[in-house]
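Encoded as structure tokens, the structure appears first; notes follow it.
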Amino acid sequence: MATEGPATRRVRVAEHPRLMKLKEMFNSKFGSIPKFYVRAPGRVNIIGEHIDYCGYSVLPMAVEQDMLIAVEPVETQTLQLANTNPLYPDFSTNANNIQIDKTKPLWHNYFLCGFKGIQEHFGLSNLTGMNCLVDGNIPPSSGLSSSSALVCCAGLVTVTVLGMNLSKVELAEICAKSERYIGTEGGGMDQSISFLAEEGTAKLIEFSPLRATDVKLPSGAVFVIANSCVEMNKAATSHFNIRVMECRLAAKLLAKYKGLQWDKILRLEEVQAKLGVSLEEMLGIVEDALHPEPYSPEEVCRCLVISLQELRTQVLSPNTQDALIFKLYQRAKHVYSEAARVLQFKKICEEAPDNTVQLLGDLMNQSHVSCRDMYECSCPELDQLVDICRKFGAQGSRLTGAGWGGCTVSIVPADKLSSFLANVHEAYYQRSHRNLTFEKQSLFATKPGGGALVFLEA
């Protein structure tokens with residue numbers, strides 16, 4: 001249940017090779033043995049891209065790849081972080097003086113986000129330190145939520161060390177809020193699925209209030225993840241935050257057009273809720289109220305009857321103040337149409353008609369076109385990979401995650417899976433230098449995995 005905290009399991013570490021290896025590395029690093037282990041999974045978003053921060057429901061599932069942390073509380077106030085991957089250097093700091101540098105999305109900062117989120121939630125000022133060894137097998141900057149999984153894992157580590165109790169929903173909300181310490185204005189999907197996931201089912205995640213509903217995926221199809229091998233770090237570029245801001249500005253202009261109190265409105269969903277109309281009707285209002293040509297900051301100011309100074313200080317976030325154009329019509333059109341596709345996807349899964357896989361595939365294809373053309377968050381490699389996946393038997397294929405690189409997700413009839421994997425591997429990975437970086441994690445079938453857990457040694 002979402003009202004309960006994450007489960008705690010007793011395990012024989014010797015029977016789990018990954019835990020055993022982590023325990024041995026922890027011992028050689030810190031000269032002691034972990035007191036417990038925490039895991040938090042990555043996710044694949046099946047449909048509903050860039051709409052969680054606009055207030056709309058999304059449809060992800062957890063993947064088996066995860067962040068795993070071995071933990072030992074210590075008597076000092078030193079927080080020591082190490083990573084099994086030598087690319088990520090050790091880090092230590094005072095547990096009661098956490099500084100997160102927004103200008104550098106370094107790996108340890110994501111841990112600090114989760115740690116600080118819990119610290120601030122409980123208003124604690126005299127925290128004990130800990131030794132932590134992190135082991136992640138989610139490909140980084142791939143759109144499978146490696147960074148949010150680390151934030152969630154760190155939040156659960158901190159709660160466990162403190163002996164505090166929080167529900168999965170509370171943990172998800174705290175971790176979603178705390179990831180903003182690193183400058184990413186996300187919407188909460190990634191943290192929610194990391195805690196609320198259950199094996200065997202995807203989830204419709206709804207916001208305000210946060211809740212998750214099971215969505216049974218069709219048994220005759222498999223979801224396949226393919227990595228474009230183009231890395232995209234949300235916190236290192238301004239693309240993501242500019243999209244968040246374009247959606248906010250679109251919401252304000254639509255609200256003003258309809259005579260609502262626009263200055264209080266932040267999300268496109270709020271406009272729909274206040275008007276009490278359908279998503280289809282909202283798409284009609286977008287056609288009437290917004291023009292396809294990009295808006296300049298000056299035009300936004302004229303529409304809202306505010307000064308440039310007020311726009312910069314009261315509406316835009318610090319990292320979007322220098323943006324010169326805003327494509328408000330395109331972003332709003334994507335959000336309202338994508339929100340409708342999510343609800344259609346869930347309805348088809350529930351009704352399970354004979355052509356379910358084809359219908360779901362059509363929705364995924366429409367989603368990719370909208371992400372590519374209206375939201376402009378694709379890239380040539382993702383478009384090429386989507387085309388290859390469709391050519392070799394996917395009923396639908398789309399980018400997943402923030403985009404601008406990362407992964408695609410495809411719905412593939414189960415009987416075509418092995419030929420699909422072989423053909424995509426040859427067409428996208430073997431025919432290019434990408435084969436040098438190809439790992440089995442670049443192309444794999446996935447099924448819905450479980451959520452965050454605490455492991456104690458039996």
Side-chain angles (χ1 to χ4, degrees), residues 45-60 187 189 204-208 215 239-240 242-262 264-295 299-300 303-304 315 325-351 358-378 386 396-400 402-403:
N45 191 24
I46 300 170
I47 197 162
E49 221 57 75
H50 285 282
I51 63 174
D52 58 341
Y53 54 77
C54 297
Y56 284 109
S57 309
V58 290
L59 213 153
M189 163 175 57
L204 179 81
I205 306 261
E206 300 170 88
F207 303 97
S208 304
V215 177
H239 298 310
F240 184 87
I242 286 174
R243 292 298 180 280
V244 176
M245 203 45 61
E246 286 174 315
C247 291
R248 184 175 295 179
L249 290 174
K252 289 181 182 296
L253 264 69
L254 290 169
K256 178 106 173 27
Y257 177 81
K258 296 302 281 186
L260 300 174
Q261 197 181 352
W262 65 264
K264 296 276 188 286
I265 283 182
L266 293 175
R267 291 191 283 276
L268 286 163
E269 185 275 334
E270 294 169 56
V271 182
Q272 186 201 354
K274 285 199 162 41
L275 294 176
V277 300
S278 69
L279 286 162
E280 285 63 35
E281 287 170 297
M282 279 311 307
L283 284 165
I285 294 168
V286 169
E287 293 293 337
D288 296 339
L290 301 174
H291 55 68
E293 299 77 29
Y295 287 73
E299 186 179 2
V300 171
C303 293
L304 297 177
V315 182
I325 60 163
F326 302 106
K327 294 191 178 180
L328 308 186
Y329 167 87
Q330 291 84 346
R331 309 317 183 216
K333 219 167 144 96
H334 166 75
V335 170
Y336 289 128
S337 64
E338 185 79 347
R341 282 187 284 272
V342 171
L343 300 179
Q344 288 171 284
F345 195 102
K346 177 177 183 271
K347 190 165 179 272
I348 292 163
C349 287
E350 285 168 349
E351 293 173 357
Q358 184 199 327
L359 293 173
L360 297 181
D362 289 346
L363 289 171
M364 291 171 70
N365 289 336
Q366 291 165 28
S367 171
H368 184 76
V369 169
S370 185
C371 285
R372 182 190 70 202
D373 299 344
M374 290 288 126
Y375 221 72
E376 297 177 276
C377 61
S378 190
V386 159
S397 187
R398 56 179 292 277
L399 65 83
T400 184

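Fair warning: this is a prediction, and the values are worked out from it, not measured in the lab. FYI, side chains are in, hydrogens and waters are out, and symmetry mates aren't considered; it's all heavy atoms of this structure.
- Looking at residues two or more places apart in sequence or on another chain, you find no ring pair (Phe, Tyr, Trp, His ring centres under 6.0 Å) involving H368.
- Between the SG atom of C303 and the CH2 atom of W262 there is a distance of 10.5 Å, given to the nearest 0.5 Å.
- Annotation: salt bridge (Lys or Arg N to Asp or Glu O under 4.0 Å) contacts of R331 (sequence neighbours excluded): E246, E376.
- Not counting sequence neighbours, the partners of Y295 by the ring pair (Phe, Tyr, Trp, His ring centres under 6.0 Å) test are H291.
- Annotation: Y53 is in aromatic contact with F240 [ring centroid separation under 6.0 Å].
- Under the side-chain hydrogen bond (donor to acceptor under 3.5 Å, both in side chains) criterion, S208 pairs with no residue, sequence neighbours left out.
- Side-chain polar atoms of Y329 and E293 form no donor-acceptor pair below 3.5 angstrom.
- Every residue two or more places apart in sequence or in another chain that forms a side-chain hydrogen bond (donor to acceptor under 3.5 Å, both in side chains) with E49 is listed here: N45, R398.
- Nearest heavy atom pair, residue V277 against residue M282, reads CG2-SD, 3.6 Å.
- Of all non-hydrogen atoms in L360 and C349, the two that sit nearest each other are CD1-SG, 3.9 Å.
- The side-chain hydrogen bond (donor to acceptor under 3.5 Å, both in side chains) check on E350 picks up K346, with sequence neighbours excluded.
- Applying the side-chain hydrogen bond (donor to acceptor under 3.5 Å, both in side chains) test to Q330 and every residue at least two apart in sequence or in another chain returns nothing.
- Considering only residues two or more places apart in sequence or on other chains, R267 meets the salt bridge (Lys or Arg N to Asp or Glu O under 4.0 Å) condition with E270.
- To the nearest 0.5 Å, the span separating CG on L363 from OG on S337 amounts to 11.0 Å.
- Listed by chain and residue number, nothing satisfies the ring pair (Phe, Tyr, Trp, His ring centres under 6.0 Å) test with F326 (two or more places apart in sequence, or in another chain).
- K264 contributes atom NZ, which lies 10.5 Å from atom NZ of K274 (distance to the nearest 0.5 angstrom).
- E351 meets the salt bridge (Lys or Arg N to Asp or Glu O under 4.0 Å) test with K347; sequence neighbours excluded.
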When you look at I205 and S57, which way does the side chain to side chain contact (heavy atoms under 4.5 Å, CB included) test go after all the steps?
-> CA-CA 5 Å; I205 306 261; S57 309; over 6 Å; no
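- The shortest side-chain heavy-atom distance between D52 and F207 falls under the 4.5 Å cut-off.
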Go through the steps to decide whether C54 and C247 satisfy the test side chain to side chain contact (heavy atoms under 4.5 Å, CB included), and finish with yes or no.
-> CA-CA 7 Å; C54 297; C247 291; 3.6 Å; yes
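- When the salt bridge (Lys or Arg N to Asp or Glu O under 4.0 Å) test is applied to K256, no partner is found at least two apart in sequence or on another chain.
- In this view, Y375 and H50, H334 satisfy the ring pair (Phe, Tyr, Trp, His ring centres under 6.0 Å) rule, not counting sequence neighbours.
- Interatomic distance, CG of N365 versus CD of Q358, reported as 10.5 Å (0.5 Å rounding).
- When every heavy atom of S278 is checked against every heavy atom of Q272, the shortest pair comes out as C-NE2, 3.6 Å.
- To the nearest 0.5 Å, atoms NZ (K333) and CG (D373) are separated by 11.5 Å.
- Between E338 and S367, the side chains place a donor N or O and an acceptor N or O closer than 3.5 Å (distance only, hydrogens not considered).
- Nearest heavy-atom pair, L254 versus A289, reported as atom, atom and distance to 0.1 Å: CD2-CB, 3.7 Å.
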Can K252 and V300 be said to form a side chain to side chain contact (heavy atoms under 4.5 Å, CB included), step by step?
-> CA-CA 10 Å; K252 289 181 182 296; V300 171; over 6 Å; no
Verdict with reasoning, I285 to L290, per side chain to side chain contact (heavy atoms under 4.5 Å, CB included) | CA-CA 8 Å; I285 294 168; L290 301 174; over 6 Å; no
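- Atom CG of L328 and atom CZ of R248 lie 13.0 Å apart (nearest 0.5 Å).
- For the pair Y336 and L268, the tightest heavy-atom approach, listed with the atom from each and the gap, is OH-O, 2.9 Å.
- Side-chain contact check for L275 versus L260: some heavy-atom pair is nearer than 4.5 Å.
- The two residues L359 and I348 make their nearest non-hydrogen contact at CB-CD1, 3.8 Å.
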